[in-house]
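Structure, as structure tokens:
Position 1 is the first residue of the sequence, and the numbers go up from there. What you are looking at is a predicted structure, and each value in this text was computed from that prediction instead of being measured.
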Amino acid sequence: MSAPPHHDDDDDNEEVFLDESDIIHEVAMDNEDLPDADDDSELLEEDEDGDFVHKFTAHTGELYSVACSPTDADLVATAGGDDRGFLWKIGQGDWAFELQGHEESVSSLAFSYDGQCLASGSLDGIIKVWDVSGNLEGKKFEGPGGGIEWLRWHPRGHILLAGSEDFSIWMWNTDNAALLNTFIGHGDSVTCGDFTPDGKIICTGSDDATLRIWNPKTGESTHVVRGHPYHTEGLTCLTINSTSTLALSGSKDGSVHIVNITTGRVVDNNALASHSDSIECVGFAPSGSWAAVGGMDKKLIIWDIEHLLPRGTCEHEDGVTCLAWLGASYVASGCVDGKVRLWDSRSGECVKTLKGHSDAIQSLSVSSNRNYLVSASVDGTACAFEVENFR
């Protein structure tokens, strides 16, 4: 996860695009003190079986998500199929807190832009928002009728967006537990989504093979992208460039497409058609001019988005499940074979293979100082690797 965006003083004086008049109704919440993690939780030092510098082993089931704080370089959150989430710190093996209260698998995690809040979402449709800046207490948010697919925060405020299996998207002001809007229109599970970096637009993708572009204030769907020349099967992932102008999406059908957010038009002319199996992850480089795409066809492809040309194809031994840019030049990939690989995006060469897991990697996150890459695996553990030399 990248550091919080820098804003000039002039930006701080801009009018916030959401205010009290936008509240639909108040949402009941409960507060829970956060207890210590189980005594058997531990953060292990590097051993001969892996390249990690620390390994977190408190979970008792497979991990689905990992998130690094955007402000505290050591703080990490993990969650998984054991119905539990944890906060822990790289380098502090005796510090861990359990995010209690979820009754089904915790599928999603996200830190707010300022690092003060952590949201955790469960397959029972419950979201909890934890205050990690002080008392470590959780607020409970209910509403979605299906499991939570993903969580995203507004880039400048404590506005939380959640996509659900019940075809809906929900948005709250978490400071006062107010529901700000619901977004209805998708015909299937909402599998991916996010605010644009400027915070003015929302983009969401669904198993109904459509991308929808929304006005956050009105809830109106300004564009619906579907049919030829777009995806023919459900969307699995999307990412938005730093200038809030382009959305890059991947699908189960193995296709990748670029959409102009302002016009809602597909602009790639099928130039990115190089995968033969489901796309699992997409990510723009910090500059926004390059992007990485990973799929179950065992390939990670680096694209020059401005010229719609491939820069390199990174071959894997198994399917690619997740990726994270470490900086302008290097990108990390997580694989079904349990390995994390670091790639030079300029040459397409694998510069390092990181070992520490015995099963598929599900999620990757980068620390705020970009010194660590943390992986979450089906094997029930999370590993922190040093990557400060790859930026």
Side-chain angles (χ1 to χ4, degrees), residues 1-8 11 43-46 50-56 63 65-79 85-97 109-119 130-134 136 151-156 158 194 197 239 242 281 283-288 290 292 322-334 340-346 351-357 361 363-377 381-391:
M1 181 175 293
S2 61
H6 172 76
H7 303 293
D8 297 328
D11 292 337
L43 206 55
L44 301 179
E45 295 297 328
E46 180 176 6
D51 301 303
F52 52 84
V53 293
H54 291 114
K55 189 170 189 175
F56 187 71
L63 299 191
S65 183
V66 59
C68 292
S69 166
T71 55
D72 184 339
D74 298 324
L75 187 63
V76 181
T78 49
F86 283 97
L87 275 169
W88 49 277
K89 290 192 174 184
I90 299 171
Q92 298 186 34
D94 57 351
W95 193 96
F97 288 95
L109 292 168
F111 279 98
S112 60
Y113 78 102
D114 56 5
Q116 293 184 359
C117 300
L118 170 70
W130 309 87
D131 175 9
V132 300
S133 62
L136 288 166
L151 297 166
R152 295 291 187 275
W153 290 91
H154 188 270
R156 295 192 187 184
H158 290 172
D194 206 348
T239 184
S242 58
C281 49
F284 276 107
S287 66
W290 287 12
C322 50
L323 66 85
W325 283 90
L326 305 180
S329 301
Y330 295 93
V331 61
S333 62
V340 176
R341 293 173 173 84
L342 308 185
W343 304 88
D344 185 330
S345 64
R346 298 158 297 186
V351 295
K352 195 171 184 62
T353 299
L354 303 172
K355 301 177 182 178
H357 292 292
I361 310 298
S363 180
L364 293 171
S365 187
V366 183
S367 64
S368 61
N369 61 4
R370 299 196 175 274
N371 287 345
Y372 299 102
L373 174 70
V374 187
S375 56
S377 170
T381 69
C383 290
F385 302 98
E386 286 185 334
V387 293
E388 58 184 317
N389 295 325
F390 304 95
R391 297 183 183 177

Practice problem: Using the side chain to side chain contact (heavy atoms under 4.5 Å, CB included) rule, take Val53 and Tyr372 through it: C-alpha gap first, then chi angles, then the decisive distance, then the call. | Solution: CA-CA 9 Å; Val53 293; Tyr372 299 102; 3.9 Å; yes
Quiz item: Can you list the steps and then say if Phe56 with Thr78 is a side chain to side chain contact (heavy atoms under 4.5 Å, CB included)?
Solution: CA-CA 9 Å; Phe56 187 71; Thr78 49; 4.0 Å; yes
Practice problem: Specify the closest pair of heavy atoms between Ser329 and Arg391, including all atoms of both residues, with the distance to one decimal. | Solution: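 Scanning both residues, the minimum pair turns out to be CB-O, 3.5 Å.
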Quiz item: Can you name the closest pair of heavy atoms from Trp153 and Ala119 and give their distance?
Solution: CZ2-CB, 3.8 Å
Self-check item: Working for side chain to side chain contact (heavy atoms under 4.5 Å, CB included), residues Leu87 and Trp130
Solution: CA-CA 10 Å; Leu87 275 169; Trp130 309 87; 5.6 Å; no
How long is the gap from [atom1] on [X] to [atom2] on [Y], to the nearest 0.5 Å?
X: Glu388; Y: Asn369; atom1: CD; atom2: CG; value: 8.5 Å
X: His54; Y: Phe385; atom1: NE2; atom2: CZ; value: 12.5 Å
X: Leu373; Y: Leu326; atom1: CG; atom2: CG; value: 6.0 Å

Exercise. Could you give me the CA-CA distance, side-chain angles and deciding distance for Leu118 and Leu75, then say whether side chain to side chain contact (heavy atoms under 4.5 Å, CB included) is met?
Key: CA-CA 11 Å; Leu118 170 70; Leu75 187 63; over 6 Å; no
[Y] backbone acceptor or donor facing [X] side chain under 3.5 Å:
X: Ser365; Y: Cys68; value: yes
X: Trp325; Y: Gly283; value: yes
X: Ser377; Y: Thr381; value: no
X: Ser333; Y: Leu323; value: no

Quiz item: Do Asn371 and Ile90 touch side chain to side chain, with heavy atoms closer than 4.5 Å?
Solution: no
Quiz item: Would a 4.5 Å heavy-atom cut-off, applied to side chains only, mark Lys89 and Asp72 as touching?
Solution: yes
Quiz item: With sequence neighbours left out, what residues match Tyr330 under ring-ring contact (aromatic ring centres under 6.0 Å, His included)?
Solution: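 Testing Tyr330 for ring-ring contact (aromatic ring centres under 6.0 Å, His included), a comparison that skips the adjacent residues, returns Phe390.
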